[in-house]
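All ligand and atom numbering here is 1-based and tracks the order in the structure.
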Amino acid sequence: MAKAYDHLFKLLLIGDSGVGKTCLIIRFAEDNFNNTYISTIGEPTGHAPDHPHPPTPIPDSPVPLSPQRPERTNHLWDTAGQERFKTITTAYYRGAMGIILVYDITDEKSFENIQNWMKSIKENASAGVERLLLGNKCDMEAKRKVQKEQANKLAREHGIRFFETSAKSSMNVDEVRHRPPPPHPRHKWDIVKLR
Ligand SMILES: Nc1nc2c(ncn2[C@@H]2O[C@H](COP(=O)(O)OP(=O)(O)OP(=O)(O)O)[C@@H](O)[C@H]2O)c(=O)[nH]1
C-alpha cells in the first residue's frame with residue numbers, strides 16, 4: 001500500500017500531568033494540523049493525590065482523538081510509562097525534530113519540574129534538538145503562581161525560546177504552531193505526549 005505521507009515530522013510534548021498538553025495538541029490539530037498522529041506515553045503516577053485534573057484513562061488500544069471528525073482522527077496512545085514501552089519513549093526522544101516543554105502558570109511544581117524534563121531531554125534526545133518552553137493557561141492571570149520573568153530567565157539559561165500560551169483562549173498558539181516546518185498535505189505530524 002502506498003504511504004499516505006512523504007515525511008513524518010516528529011514533535012514531542014512533555015510536561016507534568018494536567019498542564020494542558022492534550023488541549024494544546026487539540027488546538028494545533030483542529031486549527032491546522034489536520035494530518036496528525038498523536039500518541040500519549042505517560043506515567044499514571046504523575047498526579048498528586050489532590051490534583052484537580054483526573055488521570056487520563058489508559059486505553060488498551062489507540063483511540064480516536066476527534067471521533068466526530070473522522071478526517072482528523074488521530075492516534076492517541078497511552079502507554080502509561082510501562083517499562084516495556086521505554087524503548088519507544090527513548091526512540092521518540094531521539095527521533096524528535098522538536099521538543100515542547102509545557103508547564104502551567106498556576107502550578108509552581110509544574111514549573112520546578114521543567115528542570116527535570118530538561119535533564120530527561122539531555123539524557124535521551126539528540127544533541128541540538130530544537131526546544132521550546134511554554135507556560136500554558138495564561139488566561140488564568142488571577143491564579144498565576146509563576147511569573148513570566150522566572151520563566152524568561154530559565155529559558156535564557158537554557159538558550160531556548162519561551163511563550164506563555166492558552167489552549168483555552170488560543171493566545172500565542174499561532175506563534176508556536178508556525179515554528180515547526182509548515183505542514184504540506186503529504187507531510188504528517190507525529191506528535192507524542194509524555195508525562
Ligand atoms: N484555563 C485553562 N485551562 C486549561 C488550559 N489548557 C488546559 N486546561 C485544562 O487543564 C486540564 C488538563 O488539561 P490536559 O490537556 O488534559 O492536560 P495534560 O497535560 O494533557 O494532562 P495529562 O493527560 O494528565 O498529561 C483540563 O481540565 C483542561 O481543560 C488553558 O489554556 N487554560
Side-chain angles (χ1 to χ4, degrees), residues 11-33 36-69 72 74-82 85-86 88-89 92-93 96 98-118 120-121 131-148 151 162-177 179 189-195:
L11 204 61
L12 191 61
L13 255 91
I14 59 180
D16 282 8
S17 185
V19 296
K21 299 179 297 296
T22 302
C23 290
L24 281 167
I25 292 173
I26 290 171
R27 264 281 170 225
F28 295 156
E30 288 299 306
D31 286 348
N32 206 2
F33 291 3
T36 311
Y37 291 131
I38 298 173
S39 310
T40 301
I41 302 179
E43 285 284 355
T45 51
H47 284 270
D50 58 350
H51 200 291
H53 173 58
T56 308
I58 298 164
D60 295 331
S61 54
V63 296
L65 181 71
S66 313
Q68 65 283 58
R69 306 177 79 161
R72 293 182 176 183
N74 304 304
H75 293 158
L76 179 62
W77 293 347
D78 201 327
T79 60
Q82 292 100 323
F85 290 113
K86 202 168 183 329
I88 301 178
T89 314
Y92 263 101
Y93 264 111
I99 301 180
I100 300 182
L101 296 110
V102 189
Y103 70 91
D104 171 352
I105 70 149
T106 71
D107 178 352
E108 213 161 354
K109 186 82 192 149
S110 73
F111 179 67
E112 286 167 16
N113 275 338
I114 289 293
Q115 292 284 18
N116 296 329
W117 288 110
M118 289 283 193
S120 194
I121 293 176
R131 293 164 301 163
L132 185 64
L133 178 64
L134 299 186
N136 193 39
K137 306 195 188 179
C138 71
D139 56 287
M140 295 175 81
E141 190 56 48
K143 294 193 171 173
R144 178 190 287 275
K145 295 273 169 39
V146 182
Q147 299 310 314
K148 214 168 173 180
F162 161 65
F163 294 97
E164 284 196 344
T165 54
S166 167
K168 189 174 180 183
S169 75
S170 265
M171 167 107 171
N172 277 341
V173 167
D174 274 350
E175 275 77 349
V176 176
R177 181 188 301 123
R179 285 193 62 73
W189 294 91
D190 190 13
I191 303 182
V192 169
K193 197 182 90 166
L194 203 68
R195 66 181 141 91

Ligand 1 to A167, heavy atom cutoff 4.0 Å, flagged ligand atoms 6 (N), 30 (C), 31 (O)

What do we get for N136 next to ligand 1 when only non-hydrogen atoms under 4.0 Å count, side chain, backbone, both or neither?
side chain

Regarding ligand 1, does T165 bring an N or O atom to under 3.5 Å of one of the ligand's N or O atoms?
no

For D139, the atoms of ligand 1 under 4.0 Å from one of its heavy atoms are 1 (N), 2 (C), 30 (C), 31 (O), 32 (N)

Less than 4.5 Å apart, any side-chain heavy atom of Y93 and any of I99?
yes

Measuring from atom 7 (C) of ligand 1, which candidate in S170, G15, C23 has the nearest non-hydrogen atom?
C23

For V19, which part has a heavy atom under 4.0 Å from ligand 1: side chain, backbone, both, or neither?
both

Going by the atom numbers of ligand 1, which of them fall below 4.0 Å from some non-hydrogen atom of S166?
31 (O)

Going through the checks in order, is the side-chain contact (heavy atoms from CB on, under 4.5 Å) test met by D16 and Y103?
CA-CA 7 Å; D16 282 8; Y103 70 91; over 6 Å; no

Which pair of non-hydrogen atoms, one from T106 and one from K145, has the smallest distance, and what is that distance?
O-CG, 3.4 Å

Heavy-atom pair with the smallest gap, counting every atom of M118 and R131
SD-NH1, 3.7 Å

Looking only at non-hydrogen atoms, the one of G20, G135, S169 nearest atom 13 (O) of ligand 1 is G20

Residue portion contacting ligand 1 (non-hydrogen atoms closer than 4.0 Å) for K137:
both

Is there a side-chain contact between F163 and C138 (heavy atoms, below 4.5 Å)?
no

Candidate pair D104 and N136, rule side-chain contact (heavy atoms from CB on, under 4.5 Å), full reasoning:
CA-CA 5 Å; D104 171 352; N136 193 39; 5.8 Å; no

Do the side chains of I100 and L24 get nearer than 4.5 Å, heavy atoms only?
no

